[in-house]
Number of protein chains: 2
Amino acid sequence: MSGTKPGRQLLRQEVVDGIKRYILEERLRPGDPLPTEPALCEALGASRSSVREAVKILDALDIVEVRHGHGTYVGRLSLSALVESLTFRGLLSPDDDFQVMADLVDVRELFERGMADRIVSQLSTEQLDALDALVATMRETGAREGHGFVDADRAFHALLVAPLGNELIGQLSMAFWDVYTIVAPHLDGFTQADETETITAHQNIVDAARAGDITGFMKALGEHYAPVRRRIAEARSRR
Amino acid sequence: MSGTKPGRQLLRQEVVDGIKRYILEERLRPGDPLPTEPALCEALGASRSSVREAVKILDALDIVEVRHGHGTYVGRLSLSALVESLTFRGLLSPDDDFQVMADLVDVRELFERGMADRIVSQLSTEQLDALDALVATMRETGAREGHGFVDADRAFHALLVAPLGNELIGQLSMAFWDVYTIVAPHLDGFTQADETETITAHQNIVDAARAGDITGFMKALGEHYAPVRRRIAEARSRR
DNA sequence: GCAAATTTGTCCGTATGTATC
DNA sequence: AGATACATACGGACAAATTTG
C-alpha cells in the first residue's frame with residue numbers, strides 16, 4: 001500500500017510547482033542552496049523518483065542546478081534550454097533546415113541593425129578599443145586551427161550589443177550565435193566562411209562605429225551578414 | 001550487484017543523447033512514436049529510472065512529448081522552454097524584475113519596428129482585413145471580462161509578423177507576449193492598460209499599414225508601446 | 001459497458017559514485 | 001585516510017490512464 005492519489009494533476013508537476021514556489025517564497029537567488037532530495041520528499045509529500053524527475057525538469061530549464069555529490073542549487077536562469085531546443089530543431093528539420101538557419105541569422109542581424117543608432121551612440125571608447133582588440137585577435141589566430149577565431153567572433157558580437165543595457169538581447173544574440181555554430185557544420189554542402197572577408201567586415205563595423213557613422217555602420221553590418229546569407233542560399237540550392 | 005560505473009559521463013546524459021540520436025537517425029518527425037520505456041532501457045543499457053529522467057529532460061525541452069498511458073512521441077520543438085525559463089526569471093528577480101519586463105517589451109517592439117518596411121509591403125489584403133477584424137473583436141469584448149480581449153491582442157501581434165515568413169520571429173514574439181502577460185499581474189504596483197487607448201493604437205497600426213505608410217506605421221507602433229513602457233517605469237519608480 | 005492489455009506514473013529498498021571535511 | 005552527506009543508479013512492485021476487443 002504505497003499510497004498515491006494524484007487526484008487531478010500529476011504529482012511530478014506538483015513537485016515542480018512546489019520547488020518553484022519554494023524558491024520564490026524564500027526569495028532565493030541563483031547559487032543559493034536548495035533542500036536535499038530527502039528533505040524535498042518530505043516537504044512535498046512525494047517519493048525520491050517524483051522529486052528527482054521534477055528536479056531534472058527544472059535543471060533542463062536552468063531554474064535549478066544539480067552538482068553531483070554536493071547538492072542542488074538555484075540555477076542561473078540562462079537561455080541554455082533555448083539553445084538546446086533550437087539546436088535540435090536545426091538538426092532535425094529534414095527539408096527546410098536551411099530555413100531555420102536563415103531565420104536565425106535574420107534575427108541576429110535585426111538585433112544589430114535595428115539598434116544601430118543606440119549602439120553607435122552608446123559605445124564607449126573602452127568598448128571600441130576592446131572591439132579592435134578582438135579583430136586583431138581574429139587576424140592573429142586566423143591561420144591556426146584553435147578556438148581563438150570563433151571565440152573572438154562570439155565575443156565581438158556580444159560586446160556589440162552590450163551597450164544597449166538590454167540583457168535579453170545580449171543573451172538571445174549569443175544563444176543564436178551558439179546554435180548557428182553548432183548546427184552549421186552538420187549541414188551538407190555548407191561552405192566555410194572566408195576568414196579574410198570576415199575580418200574585414202568586422203573591422204569596418206568598428207571603424208564606422210568609432211566614426212559615429214550610423215549609415216556606414218549599418219552598411220558594414222549588411223556586408224557582414226550578406227555572405228552568411230549567401231552561403232546558406234547556395235547550400236540550399238545545391239540540393 | 002546492481003552494477004553502476006558511470007566511468008566518464010553521467011548515464012542519464014548518455015541516454016538523453018541516445019534518444020536524440022535515435023530521432024535523428026530514424027528521421028522521425030514531430031508526432032512520430034518513440035519506443036516504450038522498457039524498449040529504451042534495453043536499447044540504451046540503462047535502468048528505467050535513468051531512462052525516465054532522461055525522457056523528462058527532453059519533455060521539458062519539447063523535444064519529446066509524453067502521454068500518460070499512451071506512449072512517448074517526438075515533440076513539437078516549440079519555444080515552451082523559453083517561456084517557462086523567462087517567466088520564472090521575471091517572477092524571481094527581486095530588484096530589477098521590471099528591467100526584465102522592459103527588456104522583453106523592447107525586443108517585441110524591435111521585431112515590429114525593425115521589420116516595418118517588410119511588414120507593410122508584404123501584408124496581404126486578407127491579412128489587413130483579419131487585423132481589422134481583430135481590432136473589432138477587441139472593441140466588442142473590451143467591456144466583458146472574458147479572454148476575448150487578450151486573445152485578440154495576441155493574435156494581432158502574431159498576424160503582424162506573419163508576413164515576414166520568419167517562423168523564429170513569430171514564435172519569439174509570441175513567447176515574449178506570453179511571458180509578459182503571465183508575469184505582469186504578479187508585479188506590485190502595476191497598473192492595468194487602458195483598453196480604449198490600446199484599441200486606438202492597434203487601429204492606427206492597421207490603418208497605416210493599409211495605406212502603405214511606413215513612417216506612420218512606425219509612429220503608430222511607437223504610440224502602442226510607449227504607454228506600456230511608461231507603466232513599467234511608473235511601477236518601478238513607485239518603490 | 002466491461003475487462004484485458006499496454007504504457008506511463010509512483011513508490012520503496014538498496015548499493016555506488018562523488019565531493020567535502 | 002576515514003567519515004559524512006549527497007546525488008546517481010538499479011530492480012521490483014503496484015497504481016493510473018488509455019486503448020481495444
Side-chain angles (χ1 to χ4, degrees), chain A residues 1-19 22-23 26 28 30-76, chain B residues 1-19 22-23 26 28 30-76:
Chain A
M1 175 105 126
S2 51
T4 153
K5 22 190 126 63
R8 293 196 29 81
Q9 200 176 15
L10 259 42
L11 179 55
R12 185 205 319 129
Q13 189 56 42
E14 287 182 11
V15 175
V16 166
D17 295 338
I19 296 176
Y22 175 84
I23 296 175
E26 298 293 326
L28 301 184
D32 287 350
L34 262 57
T36 65
E37 286 179 354
L40 287 174
C41 291
E42 182 161 6
L44 300 171
S47 71
R48 260 90 75 196
S49 316
S50 299
V51 169
R52 282 183 58 80
E53 290 178 10
V55 168
K56 265 60 203 173
I57 291 174
L58 294 171
D59 184 82
L61 302 173
D62 204 16
I63 290 176
V64 144
E65 179 185 346
V66 180
R67 275 179 261 173
H68 190 170
H70 198 271
T72 308
Y73 303 83
V74 179
R76 318 216 83 81
Chain B
M1 176 100 125
S2 51
T4 155
K5 13 188 122 67
R8 293 187 33 78
Q9 199 177 13
L10 259 43
L11 178 56
R12 182 201 324 123
Q13 189 57 41
E14 288 182 10
V15 175
V16 166
D17 296 337
I19 296 176
Y22 176 85
I23 296 175
E26 297 293 324
L28 300 185
D32 288 350
L34 263 57
T36 65
E37 288 178 352
L40 287 174
C41 291
E42 181 161 9
L44 299 172
S47 73
R48 216 187 141 202
S49 318
S50 300
V51 168
R52 281 185 57 79
E53 289 178 12
V55 167
K56 264 61 210 172
I57 291 174
L58 294 171
D59 184 81
L61 302 173
D62 204 16
I63 290 176
V64 143
E65 180 185 347
V66 180
R67 276 179 259 173
H68 190 174
H70 197 270
T72 309
Y73 305 82
V74 178
R76 310 255 252 350

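In this text the structure is predicted, and so the values were computed from the model without any measurement.
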Q: Please tell me which of the listed nucleotides, D:dT8, C:dG9, D:dG11, lies nearest to the side chain of B:Leu10?
A: D:dT8
Q.
If you assign A:Gln13 and A:Arg48 each to the DNA chain C nucleotide with the nearest heavy atom, which residue ends up on the more 5' nucleotide?
A. A:Gln13
Q. Which is true for A:Thr36 with a 4.0 Å heavy-atom rule: it touches a base, it touches only sugar-phosphate, or it touches nothing?
A. sugar-phosphate
Q: Look at B:Arg52 and C:dG9 and indicate whether a side-chain polar atom (N or O) is within less than 4.0 Å of OP1 or OP2.
A: yes
Q) Touch check for B:Arg12, heavy atoms < 4.0 angstrom, all strands: base, sugar-phosphate only, or nothing? A) sugar-phosphate
Q: Hey, could you give me the CG/CG distance between B:Asp17 and B:Leu44, rounded to the nearest 0.5 Å?
A: 10.5 Å
Q: Report yes if a side-chain nitrogen or oxygen of A:Lys56 is closer than 4.0 Å to either non-bridging phosphate oxygen (OP1 or OP2) of D:dA7; otherwise report no.
A: no
Q: Quickly work out the A:Glu53 CD to D:dC10 P distance and round it to whole Å.
A: 14 Å
Q) According to a strict under-4.0 Å criterion, is A:Ser50 in side-chain N/O contact with OP1 or OP2 of C:dG9? A) no
Q: Starting at atom NE2 of A:His68, determine the distance to atom P of C:dT20, rounded to an integer number of angstrom.
A: 12 Å
(Q) Let's test your reading of the model: under 3.5 Å, does the base of D:dT18 pair with the side chain of B:His70 as donor and acceptor? (A) no
Q | Which atom of A:Val51 lies closest to which atom of A:Cys41, heavy atoms considered | A | CG2-SG, 3.7 Å
Q: Identify which nucleotide among C:dC11, D:dA9, C:dG9 has an atom closest to any side-chain atom of A:Ser47, counting heavy atoms from C-beta outward.
A: C:dC11
Q) Rounding to a whole Å, what distance do you find between A:Glu65:CD and C:dA19:P? A) 14 Å
Q) How many Å lie between CD on A:Gln9 and P on D:dA16, as a whole number? A) 17 Å
Q) In whole angstroms, how far is the C1' atom of D:dC6 from the CD atom of A:Glu42? A) 17 Å
Q: Measure across B:Gly75 and B:Pro30 and return the closest heavy-atom pair with its distance rounded to 0.1 Å.
A: O-CB, 3.2 Å
Q.
Check this for me, if you would: do B:Arg52 and B:Glu37 make a salt bridge, where the nitrogen-to-carboxylate-oxygen distance has to be below 4.0 angstrom?
A. yes
Q: Write down the distance between CD (B:Glu37) and P (D:dA17), rounded to a whole number of angstrom.
A: 16 Å
(Q) What is the distance, to the nearest angstrom, from the CG atom on A:Leu58 to the C1' atom on D:dA7? (A) 16 Å
Q. Is the shortest heavy-atom distance from the side chain of A:Asp59 to the side chain of B:Ile57 under 4.5 Å?
A. no
Q.
Taking the nucleotide of DNA chain D with the nearest heavy atom to each, does A:Arg67 or B:Ala46 sit closer to the 5' end?
A. A:Arg67
Q) Quick one: A:Leu44 CG to C:dC11 C1', roughly how many Å, whole number? A) 16 Å
Q. Looking only at side-chain N and O atoms, does B:Thr72 come under 4.0 Å of OP1 or OP2 in C:dT8?
A. yes
